[in-house]
Protein chains: 2
Amino acid sequence: MITLYLAEDQSMLNSALTQLLELEDDLHVIGSARDGKMAWADLQRLRPQVAILDIEIPGMSGLDVADHLQVADWETKVVILTTFAQQAYFERAVKAQVAGYLLKDSPSDDLIDTVRQVMQGKTIYAPELVVNMFSAATNPLTDRELAVLTEADKGLPTKTIAANLYLSAGTVRNYLSAIFSKLGVHNRLEAIKIAKDNKWLT
Amino acid sequence: MITLYLAEDQSMLNSALTQLLELEDDLHVIGSARDGKMAWADLQRLRPQVAILDIEIPGMSGLDVADHLQVADWETKVVILTTFAQQAYFERAVKAQVAGYLLKDSPSDDLIDTVRQVMQGKTIYAPELVVNMFSAATNPLTDRELAVLTEADKGLPTKTIAANLYLSAGTVRNYLSAIFSKLGVHNRLEAIKIAKDNKWLT
DNA sequence: ACTTCGATATGACAAATGTCACTATTTGAT
DNA sequence: ATCAAATAGTGACATTTGTCATATCGAAGT
């Protein structure tokens, strides 16, 4: 009997998958959450054999949860279940040594297969992602630069961005300037546009 | 026995729901598609009693399919199943006289309930949407203002916007200023964000 | 006829933004 | 141990943005 935990914020999918997984004789869903923090709290208590995590969930991303699980070093295997094939997410997932990475653009039976496979020690990655690994235009922005741009995308003025990131306003402007020069543009709007086109920014 | 058709492009959800609906004794999924055109083709042949349609699917939107069904004037009831509570979508759906409008942010059992209810002639709308109906924001921007904002959205600086629209730079700034005050913001980015949220801007 | 509103414009001013040069600390890689 | 990057900061400066007051003109409405 394989014990499962499911973190997925879209209720329709969460409940549908839970019921479906429960139908399998060898699978048992011992808990589920719609938010990352609750998921992490539950996982510490329940210690399921497999945790199925969506990335974009409120509170704490599925990848963060995966990081925590890796550090904790229990038996719990992680299967990431997400909507889009975003290279950056995939890379982080690989670094966090997840056992599976599956797109929601696959039939639900694949999820069931994947769960069984990872329990046999296998690693299952959606082929779409592995292919991209070599051709993806890599993000030239550093973590900090991306953080700044993310704030800028909210429409915030420099001062507020600085406050939010605990930086000086000057530093924020420097970062933005560096971003513009890397992306070959001259203002925030264009920079944001490019970063979004390339999926460096949601 | 209620016959169902499911148009949903996210395979994970499509197959999960199909299997789940099949488990109900009184429900039978006679077909499904991941794209709008195929769905419409199928619907003409299969004439299910209830069509569950996602809005954002490739080829032809679920709302377009609903329009076609309304014109065709068969018995087929439409249940829209979509991710976000966007007022514009909801209004179109109401105009197309759909029998149900459900958010994916609801448990899967709700879908089953909804199907049964609409078959009894009831109309089921997600409460989140009905509440909004009365506060629907109409576009306060004039044509010219919208034109200016559209240019601004391309990331262009004032001067270029002015040149593109054969206006003086000052006029462009005045328009932008007027836009900000109408929308209650203080810079282009936020104005663009709001205009996009409200679908005044693509 | 009168008023209001939209479109267009200018000028002046304050604030925000973007550029540059230069420095210091920390960290990862060779 | 050294070097290159990433991180964080300052100060000065030019440019761009956003605000406001004010004006003209024409169209639509009362």
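Computed from heavy atoms alone, side chains included, the values below leave out hydrogens, waters and symmetry copies. Computed from a prediction, not measured in an experiment: that's the story for all the values here. We name chains A, B, ... by the order of the sequence lines, and we start the count at 1 in each one.
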What is the distance, to the nearest angstrom, from the [atom1] atom on [X] to the [atom2] atom on [N]?
| X | N | atom1 | atom2 | answer |
| --- | --- | --- | --- | --- |
| A:H186 | D:dT17 | NE2 | P | 12 Å |
| B:R188 | D:dG18 | CZ | C1' | 9 Å |
| B:E190 | D:dG18 | CD | C1' | 13 Å |

Is it true that [X] and [Y] make a salt bridge, defined as a side-chain N closer than 4.0 Å to a carboxylate O?
| X | Y | answer |
| --- | --- | --- |
| B:R92 | B:D67 | yes |
| A:K104 | A:D54 | yes |
| A:K154 | A:E151 | yes |

Between which nucleotides of DNA chain C, 5' to 3', does chain B make heavy-atom contacts below 4.0 Å? C:dG6 to C:dT10

Closest approach of B:T158 and B:A169, non-hydrogen atoms and distance? CG2-O, 3.6 Å

What closest approach, in Å, do A:D35 and A:G59 show between heavy atoms, and which atom pair accounts for it? OD1-CA, 3.9 Å

Angle between ring planes, A:W40 versus A:H68, binned at 30° and 60°: parallel, tilted or perpendicular? tilted

Please determine whether a side-chain nitrogen or oxygen atom of B:T158 lies at a distance below 4.0 Å from atom OP1 or OP2 of D:dT17. yes

Please list residues of residues 160-181 of chain B whose heavy atoms come under 4.0 Å from any atom in DNA chain D, ordered by number; otherwise none. B:R173, B:N174, B:S177, B:F180

Between the side chain of A:T76 and the main-chain N/O of A:P48, is any donor-acceptor distance below 3.5 Å? yes

Min side-chain heavy-atom separation B:L20-B:L111 under 4.5 Å: no

